[in-house]
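Numbering of ligands and ligand atoms starts at 1, following listing order. If you're wondering where the values come from, they're calculated on a predicted model, not measured in any experiment.
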Amino acid sequence: MAILPAQVPAFIGGPVPSGGQAVAAESPIAEPTEIRLKDLRASDAPVQIVARIVSIERREYTRPADGRRRPFLTGLLSDGTASVRFTWWEPPNEEIDRGTIIRAVHAQVREYQGRPEVSFGFRTRVTPAGPADLPKVDSEGFPFRTISELRGRSEGFRLEARVLRVGPKTVTVGAEQRLVYEGLLGDGSGLIAFSSWSDFHLAPGEALRVAGAYVRTFRGRPQLVLDETSLVARIDTRRLPPADQLLTHAPTPLAKLAAAGGSESTVVEGLVVALLPPSGLVYRCPTCRRPVSMGLCPQHGAVKTIADLRARLVLDDGTGTVTMNTDRPTTESLWGVTLDEALDRLRRSPDPSLLESSLAEAVVGMRLRGGGRVFPDDFGLNLYPESVEPIEVDADARARELRARWEATDGVA
Ligand SMILES: [Zn+2]
């Protein structure tokens with residue numbers, strides 16, 4: 001059994017760890033020198049780091065000593081020079097949010113599958129830190145990468161890309177409301193979504209050199225994250241293809257999209273071959289917009305629901321399928337029935353499945369083109385389109401095509 005050194009009971013607002021060991025009176029321990037995440041090496045010597053929490057998750061394990069279920073936190077830290085996984089044993093009870101910057105003194109470094117990881121134990125003192133505490137980075141030190149070369153945990157690279165879209169969004173970090181700037185970058189090799197914790201005053205069309213950003217996986221796709229430590233410089237706008245050329249306008253084959261793991265912005269086209277439940281009339285929580293059954297939102301409890309229309313359409317283009325999720329206005333226009341009319345029909349014959357089959361009858365067989373972000377999940381590709389248009393099928397042209405095929409087959413036989 002290891003002899004436990006003096007405790008430093010100062011987690012962020014956390015409980016003083018129990019364990020029954022006597023806390024030995026000891027002269028103050030020398031603080032380990034602060035080091036950058038890129039310089040971490042597995043060692044017995046504790047370290048001091050400052051980093052931002054990129055992702056965080058609360059889990060439980062069974063403590064071998066007493067068989068009790070105990071919580072721990074795990075996730076990813078980044079300081080702009082590198083990102084590392086962390087594990088926080090006996091964490092504070094309060095929620096620690098993604099985006100929080102922390103200083104950890106007396107953290108342990110281990111190696112897992114060739115990469116360093118840090119762990120915070122009862123000796124580790126974790127306190128909040130600020131953006132000014134994060135290391136300053138220098139863009140020339142980073143190797144150049146194209147967007148298509150970026151993967152789920154890429155970091156320590158330099159990138160040149162054009163801003164295609166950008167806009168502010170309010171997020172809640174702890175008790176604080178923070179603005180995060182979200183958008184889309186393109187460089188000719190591909191497109192990547194980004195989110196920035198810092199306002200770099202980005203505008204669509206600008207060409208940028210970015211260094212000290214990192215990549216995380218968000219809803220099945222890589223996303224570039226910029227923060228106060230990232231370096232963003234405007235470069236000559238002619239160094240990159242024009243915005244119009246960076247965005248796809250022609251439909252991409254679904255097999256190609258499946259192989260690429262989706263796309264940040266693309267166009268797909270296909271025949272509606274099925275309507276998946278839940279489609280038609282749905283009821284949502286007024287606060288979080290989640291579909292609600294029996295008037296109970298999983299997050300907000302009993303709520304006064306609002307009626308909405310949606311459709312989950314399976315599009316097939318001959319190479320693959322995508323599930324296209326349409327909102328109320330699009331569903332209304334494809335169906336030719338408004339929400340009010342659907343509610344009225346339900347009052348007259350209270351069977352929601354009649355509405356669903358009426359919607360299916362209207363949309364199955366339509367040829368649609370949809371544009372937006374395509375991302376994979378366990379069931380295949382998904383699209384929440386920003387635009388949907390029915391493609392007119394020229395009946396005469398189709399008949400001529402069928403006849404030509406039939407004659408060609410006939411000629412061979
Ligand atoms: Zn809710």
Side-chain angles (χ1 to χ4, degrees), residues 13 53-60 71 73-75 91-100 167-183 193 195 197 216-221 223 225 262 275-314 323-335 337-347 350-353 355-356 359 370 372-386 388:
I53 296 174
V54 178
S55 66
I56 188 163
E57 193 185 341
R58 187 173 285 265
R59 293 195 199 159
E60 281 191 341
L73 299 175
T74 180
N93 290 325
E94 78 224 49
E95 202 133 318
I96 311 271
D97 291 292
R98 182 169 74 83
T100 305
K169 187 183 156 189
T170 307
V171 295
T172 307
V173 179
E176 220 188 320
Q177 295 275 308
R178 287 192 60 182
L179 269 186
V180 59
Y181 297 83
E182 294 188 332
S195 71
W197 292 94
R216 68 173 185 136
T217 302
F218 181 66
R219 288 194 195 140
R221 300 269 315 147
Q223 183 190 46
V225 184
L275 182 73
L276 299 178
S279 285
L281 194 57
V282 291
Y283 294 91
R284 297 187 187 280
C285 167
T287 309
C288 64
R289 304 276 308 155
R290 265 188 218 143
V292 161
S293 64
M294 317 296 286
L296 278 177
C297 171
Q299 200 180 331
H300 299 102
V303 290
K304 190 171 171 6
T305 56
I306 43 177
D308 195 13
L309 286 183
R310 69 175 296 190
R312 300 183 63 219
L313 309 165
V314 181
T323 304
M324 186 161 95
N325 300 273
T326 59
D327 60 7
R328 179 165 71 87
T330 305
T331 307
E332 285 179 337
S333 92
L334 294 176
W335 189 7
V337 172
T338 64
L339 175 60
D340 286 344
E341 286 165 353
L343 287 167
D344 193 47
R345 284 191 193 186
L346 190 66
R347 272 190 289 272
D351 179 0
S353 73
L355 288 176
E356 201 178 318
L359 173 59
R373 179 180 193 264
V374 173
F375 64 95
D377 69 8
D378 292 346
F379 305 100
L381 295 177
N382 297 277
L383 166 66
Y384 287 83
E386 287 155 20
V388 177

**Message:** Less than 4.5 Å apart, side chain to side chain, heavy atoms only: is that true for V314 and L275?
**Reply:**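 The answer is no; the side chains never approach within 4.5 Å.
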**Item:** Matching residue for E332 among D340, T326, L339, V337 - test: side chain to side chain contact (heavy atoms under 4.5 Å, CB included)
**Value:**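 Answer after filtering D340, T326, L339, V337: L339.
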**Item:** Whether D327 side chain and T330 backbone form a donor-acceptor pair below 3.5 Å
**Value:**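 Confirmed, D327 side chain pairs with T330 backbone.
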**Request:** Kindly say whether G295 contributes a backbone atom to a donor-acceptor pair with the side chain of T305 at under 3.5 angstrom?
**Result:**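 Not a single qualifying donor-acceptor pair exists.
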**Asked** Taking atom CG of L73 and atom OG of S55, what is their separation to the nearest 0.5 Å?
**Response**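 It comes to 11.0 Å.
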**Prompt:** Is any protein N, O or S atom closer than 2.8 Å to the Zn ion (ligand 1), and if so, which?
**Reply:**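 Protein N, O or S atoms closer than 2.8 Å to the Zn ion (ligand 1): C285 SG, C288 SG, C297 SG, H300 ND1.
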**Item:** Residue pairs involving residues 295-306 (criterion salt bridge (Lys or Arg N to Asp or Glu O under 4.0 Å); sequence neighbours excluded)
**Value:**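 Passing the test, one end in residues 295-306: no pairs.
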